[in-house]
Amino acid sequence: MKSSGAILVLSGPSGAGKSSLIKKVSSELGEYYFSISTTTRPMRDGEVHGKDYYFVSAEEFKKDIEEEQFLEYAVVHGNYYGTSVKPVKEALKAGKLVVFDIDVQGNMSVKNRFSDITTSIFITTPSLKELEHRLRFRGTDKEEIIQNRISMAKREVQRISEYEFFIVNEDLEKAAKHLLTIAKAARLKIPTSEINKFIIDWEN
Ligand code: 5GP
């Protein structure tokens, strides 16, 4: 019966391993669309425009806000981050699982707008110490930015209860297995409109 798509929101501190987890399960996820956000933050070494993010200026971002191009947007670590509405709607229409890597503010916006088809997971490291270690080991950010990310992470973990699921990424294999199980269930969520249609058809 199900023909429309579903949304899987992943949040958690930078350095918690969200991207590695997605990469690990990607071949088993079925048809999915990973939402590429737009940001005004500077590009990190190794990042690619159009793959990791669409990197734009603050002026371009503000223009997109005015033109209502974003499904949601937020200021994170002093930079704008936003999800464009058009590709998401197209992917949903094509019946895909749309995966978002967005912050706690973004999760609330998506939840408010698409509550019936959204599943949310908060992913984090086993401890703050481990997060600090991973951020330093990654070596992509300056100390000031690392400190920023750490204080942000402390604030974000306070909001874990806003999520339906919570994965502690201690053992990558185990965390990936849990992510896959949740993603499979996320796909089975039925939009309210389809349920209503089913009820009408069922009665006739
Ligand atoms: P990073 O700079 O490490 O790539 O991302 C910083 C934070 O911004 C992460 O928590 C990430 O989930 C969040 N983020 C990335 N894209 C978006 C977006 O489009 N919307 C929102 N609300 N947050 C985003």
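Every number for a ligand or one of its atoms is a count from 1 in the order of the listing. All of these numbers come straight from a predicted model, not from anything done at the bench.
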Original post:
Please walk me through it: do Arg41 and Glu47 pass salt bridge (Lys or Arg N to Asp or Glu O under 4.0 Å)?
Top reply: CA-CA 12 Å; Arg41 89 146 155 75; Glu47 283 184 327; 2.9 Å; yes
Measure [X] to ligand 1 on non-hydrogen atoms and call it side chain, backbone, both or neither using the 4.0 Å cut-off.
X: Arg44; answer: side chain
X: Phe100; answer: neither
X: Gln105; answer: neither

Original post:
Among Ile145, Val76, Asp103, Asn79, which residue places a heavy atom closest to atom 21 (C) of ligand 1?
Top reply: Asp103
Please state which protein non-hydrogen atom is closest to [atom] and give its distance, to 0.1 Å?
atom: atom 4 (O) of ligand 1; result: Tyr53 OH, 2.5 Å
atom: atom 11 (C) of ligand 1; result: Asp101 OD1, 3.6 Å
atom: atom 9 (C) of ligand 1; result: Lys18 NZ, 4.0 Å
atom: atom 6 (C) of ligand 1; result: Tyr81 OH, 3.6 Å
atom: atom 20 (N) of ligand 1; result: Glu72 OE2, 2.7 Å
atom: atom 16 (N) of ligand 1; result: Ser37 OG, 3.1 Å

Please determine whether the number of non-hydrogen atoms from other residues, nucleotides or ligands lying under 6.0 Å from atom [atom1] of [X] exceeds 12.
X: Glu67; atom1: CD; result: yes
X: Tyr73; atom1: OH; result: no
X: Glu170; atom1: CD; result: no
X: Glu143; atom1: CD; result: yes

For [Y], is there an ion pair with [X] - N to carboxylate O distance below 4.0 angstrom?
X: Lys184; Y: Glu28; value: no
X: Glu130; Y: Arg134; value: yes
X: Glu162; Y: Arg159; value: yes

Original post:
Does at least one non-hydrogen atom of Ser11 fall below 4.0 angstrom from an atom of ligand 1?
Top reply: no
Subject >> Phe70 heavy atom under 4.0 Å from ligand 1 >> reply: no
Original post:
In terms of the angle between their ring planes, are Phe137 and His133 parallel, tilted or perpendicular, with boundaries placed at 30° and 60°?
Top reply: parallel
Contacting atoms of ligand 1, where contact means under 4.0 angstrom from a heavy atom of [X]:
X: Thr83; value: 18 (C), 19 (O)
X: Gly82; value: 18 (C), 19 (O)
X: Gly106; value: 22 (N)
X: Ser14; value: 3 (O), 6 (C)

Original post:
Looking only at heavy atoms, what is the nearest atom pair of Tyr81 and Phe61, with distance?
Top reply: C-CZ, 3.6 Å
If you measure every N or O of [X] against every N or O of ligand 1, does any of those distances drop under 3.5 Å?
X: His77; result: no
X: Arg41; result: yes
X: Ala74; result: no

Subject >> Contact check, side chains of Ser84 and Thr38, non-hydrogen atoms, under 4.5 Å >> reply: yes
Original post:
Roughly how far apart are Leu10 CG and Phe100 CZ, rounded to 0.5 Å?
Top reply: 10.5 Å
